[in-house]
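Pasting a structure here, questions to come.
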Amino acid sequence: MAVDYFIIDPALDSATKQLESMIAEADDIGKSVNDNIFPDGALRGADGKIEGFFEYKFKCPKGVKPGNGDALKGDAVPTWRPGQEENIKELVDAMKVNSPQEIAAEARATLLTNMGC
């Protein structure tokens, strides 16, 4: 059994290091695309074409600490960032031109928030 231990131990150590590296890489990727991926959601019609896109924005409760570490005051209104709505409209228009068989001509982006909850 001692031989098995010495053979398996380096393999487990190597696998653990690889796993740690992959987790760190995935975390870095997640942080780099945070709030930069569009759409958050989409709606398909009965014909399979995308009829609309959704961007989700949620108000965080007072005292919550987001990624930057500063506690929130709880008074922020979830909305489009400056220029974001126009950029997304241009993106949706380009997607409709490039994939008319997949995206309905009337498709548009809608902002969904939790303000009415």
Do E55 and Q84 have side chains that get closer than 4.5 Å, going by heavy atoms?
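Touching, per the 4.5 Å side-chain cut-off.
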Atom of T79, atom of L111 and distance for their closest heavy-atom approach
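Shortest heavy-atom contact: CA-CD2, 3.8 Å.
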Distance in Å, E51 CD paired with R44 CZ, rounded so as to fall on 0.5 Å steps
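Answer for the CD-CZ pair, E51 versus R44, is 10.5 Å.
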Which heavy atom in F53 sits nearest to a heavy atom in P39, and how many Å separate them?
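Closest pair (atom of F53, atom of P39, distance): CD2-CG, 3.5 Å.
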Please name the pair of heavy atoms, one in N114 and one in P78, separated by the smallest distance, quoted to 0.1 Å.
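Nearest heavy atoms, N114 then P78: OD1-CG, 4.1 Å.
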Please report the shortest heavy-atom distance between R81 and K57, naming the atom on each side.
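Nearest heavy atoms, R81 then K57: NH1-NZ, 3.6 Å.
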Walk me through it: do I88 and V92 pass the test side chain to side chain contact (heavy atoms under 4.5 Å, CB included)?
CA-CA 6 Å; I88 287 178; V92 170; 4.2 Å; yes
How close do A107 and I50 get, heavy atom to heavy atom, and via which atoms?
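Residues A107 and I50, closest heavy atoms: CB-O, 3.8 Å.
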Rounded distance (nearest 0.5 Å) linking atom CD1 of I103 with atom CD of Q101:
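Separation between the atoms: 8.5 Å.
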Between atom CG of D93 and atom NZ of K96, what is the distance when rounded to the nearest 0.5 Å?
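NZ of K96 is found 5.0 Å from CG of D93.
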Distance (rounded to the nearest 0.5 Å) between N87 CG and W80 CH2
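It comes to 10.5 Å.
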So, K49 side chain and P100 main chain: donor-acceptor pair closer than 3.5 Å or not?
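Yes; judged by distance alone, with no hydrogens or angles, the pair exists.
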Minimum heavy-atom separation for Y56 and D40, please, with both atom names.
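In this case the closest contact between Y56 and D40 is N-OD2, 2.8 Å.
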